[in-house]
Amino acid sequence: MAKILVVDDDAGILMLIRKTLEKDGHQVTCCEGISDIVTGSLIQYDLILLDVMMPGTDGFTYCRQIRGQVDCPILFLTAKTMDADLIEGFSIGADDYIKKPFSIHELRARVGAHIRRENREYHTRLTSGGIRFEVAAKKVYCEEEEIRLTKKEYEICEFLVRNKGQVFSLEQIIEQVFGYDSESDTSAIREHIKNIRAKFAKCKSNPIQTVWGIGYKWS
């Protein structure tokens with residue numbers, strides 16, 4: 001299942017896309033214009049379907065604005081099929097086009113292909129709510145703001161987010177993250193988690209939850 005954002009000023013097209021993609025098990029959010037998009041929500045989506053010609057802010061303009069903030073596939077929905085239009089779209093960060101009018105079979109095929117490719121590349125990026133892990137760079141972002149973690153803080157967070165919802169004791173975190181031979185002790189792990197929470201609190205987030213008497217989990 002993928003989280004998909006669809007932006008189009010045609011309510012009929014939105015309904016068609018929602019019904020089609022929800023049948024494939026995807027979670028679909030529909031907006032009839034750029035102004036309807038919730039600020040700071042983009043990071044949660046695995047794919048964006050974006051109409052080109054809309055009143056107010058058009059799809060090309062919006063793509064330019066967000067391409068530096070999100071790295072999920074952006075597919076344009078468009079009746080503009082001139083080569084110059086297609087080239088412009090790709091040059092500003094589009095991953096693909098779906099030309100109007102389109103069949104539901106083409107819609108499903110193109111969306112499915114991009115989701116499968118993203119899943120193959122998932123090891124390089126982890127997302128949880130509004131939090132994104134860039135694994136290769138060992139960086140964490142909360143609502144597009146970088147959370148500057150130490151090496152050990154990052155390793156604790158990555159381990160917990162990869163096992164989201166599971167509860168781990170302090171001893172298990174030491175063993176799984178740092179190994180049997182680690183010099184870290186339970187008091188050090190508590191201090192790391194305290195520091196992690198303080199850093200995420202700056203963006204009003206608290207992803208590491210205490211399960212009293214047992215340990216911690218990423219929620």
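On a predicted model such as this, the values are computed, not experimentally measured, just so you know. Residues: numbered from 1 along the sequence shown.
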Tell me whether [Y] is reachable from [X] by hopping between hydrophobic residues (I, L, V, M, F, W, Y) whose side-chain heavy atoms are closer than 4.5 Å.
X      : Y      : result
Leu47  : Ile104 : yes
Val167 : Ile196 : no
Leu160 : Val211 : no
Phe90  : Val70  : yes
Leu14  : Leu16  : yes

**Prompt:** Which pairs pass salt bridge (charged side-chain N to carboxylate O under 4.0 Å, His left out) with one or both residues in residues 204-218, sequence neighbours excluded?
**Reply:** none

**Request:** Kindly state each residue pair satisfying salt bridge (charged side-chain N to carboxylate O under 4.0 Å, His left out) with at least one member in residues 3-23, sequence neighbours excluded.
**Result:** Asp8-Lys100, Arg18-Glu22

Less than 3.5 Å apart, which donor and acceptor atoms pair up between the side chains of residues 26-38 and the rest of the protein, not counting sequence neighbours?
{"from": "His26", "atom 1": "ND1", "to": "Ala2", "atom 2": "N", "distance (Å)": "3.1"}
{"from": "Asp36", "atom 1": "OD2", "to": "Glu32", "atom 2": "N", "distance (Å)": "3.4"}

Run the side chain to side chain donor-acceptor pair (under 3.5 Å) test against [X] and tell me which residues pass, sequence neighbours left out.
X      : answer
Ser219 : none
Glu146 : none
Thr61  : Asp58

**Message:** Restricting to non-hydrogen atoms, name the atom on Phe102 and the atom on Glu106 that form the minimum distance, rounded to 0.1 Å.
**Reply:** CB-OE1, 3.7 Å

**Asked** What are the two closest non-hydrogen atoms of Cys142 and Ser205, and how far apart are they?
**Response** SG-CB, 4.0 Å

Which residues pass the salt bridge (charged side-chain N to carboxylate O under 4.0 Å, His left out) test with [X], sequence neighbours left out?
X      : answer
Glu191 : none
Lys138 : Glu158
Asp95  : Arg67, Arg117
Glu88  : Arg64

Distance from [X] atom [atom1] to [Y] atom [atom2], nearest 0.5 Å?
X      : Y      : atom1 : atom2 : result
Lys194 : Ser187 : NZ    : OG    : 12.0 Å
Ile17  : Arg108 : CD1   : CZ    : 13.5 Å
Glu171 : Gln176 : CD    : CD    : 12.5 Å
Arg148 : Lys202 : CZ    : NZ    : 10.5 Å
Trp218 : Leu126 : CH2   : CG    : 10.0 Å
Cys203 : Ile147 : SG    : CD1   : 4.0 Å

Under 3.5 Å: donor-acceptor pair, side chain of [X], backbone of [Y]:
X      : Y      : answer
Asp185 : Ala188 : yes
Ser128 : Ile131 : no
Arg197 : Ile208 : yes
Gln209 : Asn206 : yes

For a 4.5 angstrom cut-off between non-hydrogen side-chain atoms, does [X] reach [Y]?
X      : Y      : value
Ile48  : Pro73  : no
Phe168 : Phe159 : yes
Asp46  : Cys72  : no
Val52  : Leu77  : no
Leu75  : Tyr97  : no
Ile156 : Ile189 : yes
Val161 : Phe133 : yes
Glu134 : Arg132 : yes

**Asked** Can you list every ring-ring contact (aromatic ring centres under 6.0 Å, His included) pair that touches residues 49-69, not counting sequence neighbours?
**Response** Phe60-Phe76

**Message:** side chain to side chain contact (heavy atoms under 4.5 Å, CB included) for Met15 and Thr20? Distances and angles first, verdict last.
**Reply:** CA-CA 8 Å; Met15 183 178 297; Thr20 299; over 6 Å; no

**Asked** So does Met53 have more than 12 non-hydrogen atoms from other groups sitting under 6.0 Å from CE?
**Response** yes

**Message:** Before you tell me yes or no, could you show the steps for Ile98 and Leu107 under side chain to side chain contact (heavy atoms under 4.5 Å, CB included), namely the whole-Å CA-CA distance, both residues' side-chain angles and the distance that decides it to 0.1 Å?
**Reply:** CA-CA 7 Å; Ile98 299 178; Leu107 173 69; 3.8 Å; yes

**side-chain contact (heavy atoms from CB on, under 4.5 Å) against Arg190, all qualifying residues, sequence neighbours excluded** = Leu170, Thr186, Tyr216

**Item:** Ile214 vs Ser169, side chain to side chain contact (heavy atoms under 4.5 Å, CB included): CA-CA, chis, key distance, verdict
**Value:** CA-CA 6 Å; Ile214 303 176; Ser169 67; 5.7 Å; no

